[in-house]
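One-based numbering, in listed order, for ligands and for the atoms of each. Values below: every heavy atom of this structure, side chains too, minus hydrogens, waters and symmetry copies.
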Amino acid sequence: MDCGTHTRNSHGATWIFTLFMALLGVFCILFEPGFGHRLYALPALCCDLGLLVVVLLVADCAAPRLSKVLRLVLYVVLYAVALVDVACYVRLQSPITPIWVEVTLLTGWDEARETLTSYVTPALLLSRVGIVVGLMLLNVAACLWRERLCERLPRLSSRTKRVGGFAAVALWVACTCFSYEERVYMYYRVVRQYDELEVQQIRDFSPKAKYYLPVWRLAYSLSEVHQLRVTRLALEKGIGRAAVDSCDFTSPHIVLLIGESCNRRHTSLYGYDKQTTPHQCAMAQRGELVRFDDVVSSWNVTCESFQYMFSLYTAGDTPSIPEERRHWYDYPLFTELMKRAGYDNLFLSNQYVLSKGESISAYKEDVFLNSPRLSQAQFSRRNCERHTYDEGLIDDFRRLSDPAAPHTFTIFHFLGLHTQFRERYPEAWNHFKPADYPRTDLSEGQKTILAAYDNAMRYNDHVIARIVELFRNRDCIVLFVPDHGERIFDHGTEWGRNLSWEPDDVRPQFQIPFWIWASPTYRTRHADLWQCIRQSAHRRFSTDRLPHLLLHLAGLHTPYYRPSSDLLSPDYDEHRPRIIREERNYDRLVKNPPK
Ligand SMILES: [Zn+2]
């Protein structure tokens, strides 16, 4: 592009900018491994830089002053972000991340100064940070002596310029095509602020070089932190707004056991041929436990499933609710209502813990649990350490529970059967062996995974039985609900959760075991309620409506309670569509017609 002598100087500056930014980008790609495949990152760099160059060249012609300011701003931002990112990588073995940004935003000036003086030392210049500084100094020199440099460069013929220009455009087009998937993904994720699931709902993206540059890592981190803040602020704004009219404390002691990744077909309670849940079967045979036939989780992802289980929002509410109540976080959390009503709320989790002295959320998933204000609004006490095995939660219970509290609500949240199945149970529980599975379609390694899953289920049953025994002599009711199911070689040789809508993939991931146990005292004192529970066992249910059932069991009166979502209410709407992943009707998808 050439539009007159007055812009040649600007063009020279733009080409210097291009050269040094390309060098900076290549350096970050090569020397900060682990943030995208280099083979995909380099074309993505070419694509991004090419777009920037076109903008600058046009600005050179149309508004040289603006072009100058733009270049200066880009220099400052790109070098500053790269320096911080590389320094983090050298010092902390991690580049800029959402947690890092959140910590930085929460850090006061004095704390920041102390951190900077302890981390930024002259020795840092001897690391990779020194190379970025060196490149920056060379860049400054090239800009200062640009005219002299241009004089020394050989003059190119107009034919060479044309061929070079054509080659550059061809390379840019090729790189753009090659990294198209990455660019579209980034557009939705960073520009449109979609979360990972929303992006995957548009298309099954598989970007290989997502946040390959420091500036993209910063953009992604800022967008994540922004989203988290929106969620947290909406929830915090709602604290205290949810009214509790009165509470009958119908069930003085309520225990909610939240399992992890439980495939219903792998429980003997639901007819599995291996004895994975002998204790639950025995409880059912004794008439202490009511097994529900048709329950699905709203999500097959822990975080979202948890949010929908805690919020009084029900999937599919959107069209009939006023604009200000569109998201799960615009509704009260039932745990807050229970605490305000007077229950002593104990939250014992082997996944989400509030570490001692921690003032910020450690994970995106637990923002609504770990924000100090939200945690305080929902729970009376919590554990602050995870355990290798879920049995450790029983010690937490003994330490943290208040035996004198007249009304208690206790949540046990297991690590259960989460991905690394073999790590979920002690060696002594290695009961099922690969040889127990006469399946010719599975390899020895796959059978090992299958056996480990069943062993983890059996150990989970043991933990559940121990917890139930803690409450046998109280006026207590216990509910068991996993956050979602799991694919575990049910219909082929694959395992693990995915986002497929194939019925054979959906069923094992969403169809979950769900049961209610009651102590002898409870069954005697609340005979009518127990009868009602038994009669509801064949009703269709989904985990997003769990809070309304719990409000019924507590006898808690609030304007947010909806009988149509309460499994035990005579007005329960069994045929309300069960929307999964906030997108599709489960029953229509798996062809489960109304009975
Ligand atoms: Zn989960």
Side-chain angles (χ1 to χ4, degrees), residues 195-198 200-201 231 256-267 270 276-277 295-311 315 328 333 335 347-353 361-370 383 386-390 392-393 411-425 449-450 452-457 459-461 463-464 479-490 494-500 505-515 541-547 578-583 586:
D195 69 21
E196 186 64 27
L197 276 162
E198 287 171 329
Q200 294 300 342
Q201 279 166 1
T231 308
L256 179 64
L257 308 176
I258 304 181
E260 171 64 66
S261 309
C262 281
N263 180 318
R264 199 177 97 162
R265 289 185 53 189
H266 284 254
T267 66
Y270 284 84
T276 49
T277 56
V295 181
V296 298
S297 61
S298 303
W299 288 86
N300 59 340
V301 195
T302 306
C303 165
E304 277 75 3
S305 181
F306 235 80
Q307 291 165 349
Y308 277 49
M309 271 203 267
F310 274 49
S311 165
W328 68 270
L333 304 172
T335 33
F347 182 53
L348 306 170
S349 173
N350 211 12
Q351 294 193 43
Y352 302 139
V353 293
S361 64
Y363 298 94
K364 173 183 179 283
E365 285 82 355
D366 54 0
V367 63
F368 69 108
L369 296 171
N370 278 2
N383 61 324
R386 295 188 189 90
H387 308 278
T388 310
Y389 306 117
D390 286 331
L393 293 175
I411 301 176
F412 287 88
H413 175 213
F414 301 133
L415 193 47
L417 292 91
H418 197 259
T419 52
Q420 303 297 324
F421 313 131
R422 179 58 198 89
E423 292 172 18
R424 302 289 162 250
Y425 56 89
I449 295 170
L450 185 50
Y453 185 82
D454 287 349
N455 284 324
M457 185 72 87
Y459 173 69
N460 197 226
D461 178 64
V463 178
I464 287 170
L479 296 89
F480 173 74
V481 59
D483 58 351
H484 49 76
E486 182 68 278
R487 280 193 323 160
I488 187 81
F489 310 109
D490 306 275
E494 290 185 9
W495 71 282
R497 279 167 281 144
N498 65 9
L499 295 171
S500 149
D505 284 332
V506 167
R507 245 182 248 105
Q509 295 184 77
F510 289 88
Q511 195 179 46
I512 50 167
F514 178 75
W515 51 255
F541 190 54
S542 50
T543 53
D544 53 339
R545 291 190 270 182
L546 184 70
R578 294 191 288 185
I579 307 296
I580 54 170
R581 284 212 304 261
E582 199 59 272
E583 198 179 338
Y586 171 85

* To do: Kindly assign one of parallel, tilted or perpendicular to the pair Tyr352 and His413, based on the angle between their ring planes and the thresholds 30° and 60°.
  => tilted
* Structure fact -> In this structure, CH2 of Trp299 is separated from OG1 of Thr543 (nearest 0.5 Å) by 11.0 Å
* **Whether His484 has an N, O or S atom under 2.8 Å from the Zn ion (ligand 1)** => yes
* Using only N, O or S atoms, tell me which atom of Glu260 is closest to the Zn ion (ligand 1). => OE2
* To do: Report, as yes or no, whether the 6.0 Å neighbourhood of atom CD on Glu494 holds more than 12 heavy atoms from other residues, nucleotides or ligands.
  => no
* Mind reading off the angle at the Zn ion (ligand 1) between the OG1 atom of Thr302 and the OD2 atom of Asp483, rounded to 10°? => 100°
* Where does the angle between the aromatic ring planes of Tyr453 and His266 fall among parallel (under 30°), tilted (30 to 60°) and perpendicular (over 60°)? -> perpendicular
* To do: Specify whether an N/O/S atom of Ser305 falls short of 2.8 Å from the Zn ion (ligand 1).
  => no
